[in-house]
There are 2 protein chains.
Amino acid sequence: MAYQSESLIAHAREVREASGTSQRALSERAGLTQSHISQIESGKMEPGLSSFIDMTRALDLELMLVPKKLVPAVRGLIKAQATPDMHIRTGQPDNKRFARAERLVKKMKQLDGSSADLDRIEETLRFLRGVNISDQEMQLVRELIARLERYQASAQAAPVVRDIAQSLQRLRNSIAHAGPSEPRPAYSLDDGDA
Amino acid sequence: MAYQSESLIAHAREVREASGTSQRALSERAGLTQSHISQIESGKMEPGLSSFIDMTRALDLELMLVPKKLVPAVRGLIKAQATPDMHIRTGQPDNKRFARAERLVKKMKQLDGSSADLDRIEETLRFLRGVNISDQEMQLVRELIARLERYQASAQAAPVVRDIAQSLQRLRNSIAHAGPSEPRPAYSLDDGDA
DNA sequence: AAATACGATATATTTTTCTGGATTAGGATT
DNA sequence: AATCCTAATCCAGAAAAATATATCGTATTT
């Protein structure tokens, strides 16, 4: 049920997972119960507008009304900042998370069979673990891992996996030689989704 | 009640009024009852997320989650298109709406007393009525008039009236001599609102 | 003056959210 | 093996939203 709000809720969930926030932690900040959030995220119930606002505000997101005509432009803006330039490299690699991710990939490989994309992800993760990585970059990695976790069992996981592999690869490149692997277009046309 | 969603709902309402859609017409397109919409708009009840989505989709709006950090940029984008360049001038002046607006201003003047801003609005409206005006421009005018109607009785109507007067003035200038009265910055910093 | 359109309200019924707490199940950590 | 954290689920009850109609006051139109 609740087909219209599906993608919005999925988006909120992705952000929550990428930020490493648990449902419980979020529930406290947003003033809702964990049970409530679980049901919302799993589509068992439809939140009220204000509940959803509370929830997303606690994730540093703002719910906005955008004229349909400029939805692609806004999407472009958002995507552009989701993969920022990443210069400062200070943080520690967060080995736990990498280990978890590598375990996940291993599991996927033996479940669905090995694939070029999975191999690529595995290798890139190994590389990234050994490198000093900025907080922003680590955040991107977390986001990608969370996506991978979410869609591992999904029917059409393949394109998602491919996208994740590409994103990780680009991150790796931008670190390996801090040169222009791709100029990264600021924001432009961006095919609308569903 | 329902303080978080207030501005979102107000925005939806402004768009509805600017587009000249009645609550009834909207209710049919969105699949809600007119009573329902009235209560939502007047803050007597809090819509469910999906109800609100239905409502705003019917207004050619899309509800999006935007990282707080780029809210100003998105606001800028939206505002920039709300006052577009306006070149094509074909439509008819829509005299009915102008007449209605002028009546409103007259009423306000005798109620709250005359003010420089009201005078300016009155004069600009007279000018605009006599000119060939594009659909887009007419849409802007409608939006401004709707705002005026909404805030006429409000406690702090003054700044709103001033803003409306300014917007109309700018529109008038851009028509009078299609020259650069102001280069209109594409989109940039934009002070957040409430 | 009568008809029409608009938005706000009223009422009654049905449905759903939301809370609160408790529990279950899976992984990960120790 | 035992513990901890996360997410999903269940249950009960209170609160609020959604639906369906109908009416009212006011303005505008004919």
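Just so we're on the same page: letters track the sequence lines, and every chain starts at 1. Note that the structure is a prediction, hence the values are computed from the model and not measured.
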Write down the distance between [atom1] ([X]) and [atom2] ([N]), rounded to a whole number of angstrom.
X	N	atom1	atom2	value
B/Met45	C/dT15	CE	P	16 Å
A/Glu102	C/dA28	CD	P	14 Å
A/Phe52	C/dT17	CZ	P	14 Å
B/Gln34	D/dC24	CD	P	15 Å
B/Leu104	D/dT26	CG	C1'	15 Å
B/Lys107	D/dT26	NZ	P	11 Å
B/Glu46	C/dT17	CD	C1'	12 Å
B/Leu49	D/dA18	CG	P	10 Å

With distance as the sole test, does [X] use its side chain to make a donor-acceptor pair with the main-chain N or O of [Y] at under 3.5 Å?
X	Y	result
B/Ser167	B/Asp163	yes
B/Lys68	A/Arg57	yes
B/Ser5	B/Leu8	no
A/Arg29	A/Ala58	yes

Where the side chain of [X] is concerned, which of [options] is the nearest nucleotide?
X	options	answer
B/Thr33	D/dA20, D/dT9, D/dA7	D/dA20
A/His36	C/dC18, D/dA7, D/dA17	C/dC18
A/Gln23	C/dT9, D/dA18, D/dA8	D/dA8

Need one value for [X]: base, sugar-phosphate or nothing, where a base atom within 4.0 Å counts as base even if backbone is also close, heavy atoms only.
X	value
A/Gly20	nothing
B/Glu41	nothing
A/Leu32	sugar-phosphate
B/Ser22	sugar-phosphate

Looking at [X], does any N or O in its side chain come under 4.0 Å of the phosphate oxygens OP1/OP2 on [N]?
X	N	result
A/Arg16	D/dA7	yes
A/Arg24	C/dG21	no
A/Lys44	D/dT9	yes
A/Arg103	C/dA28	yes

Checklist line | 5' precedence on DNA chain C between B/Ser42 and A/Gly31 (nearest-nucleotide basis) | finding: B/Ser42
Note to self: Between B/Ser35 and B/Thr33, is there a side-chain donor-acceptor contact under 3.5 Å, judged purely by atom types and distance?
What the structure shows: no
Notebook entry, point to check: Charged N to carboxylate O under 4.0 angstrom, B/Lys109 versus B/Asp119?
Noted result: yes
Margin query: Suppose we call a contact any N or O donor and acceptor under 3.5 Å apart; does that hold for the side chain of B/Gln39 and the base of C/dA8?
Written below: no
Checklist line | Base D/dA8 paired with A/Ser35 side chain (donor-acceptor, <3.5 Å) | finding: no
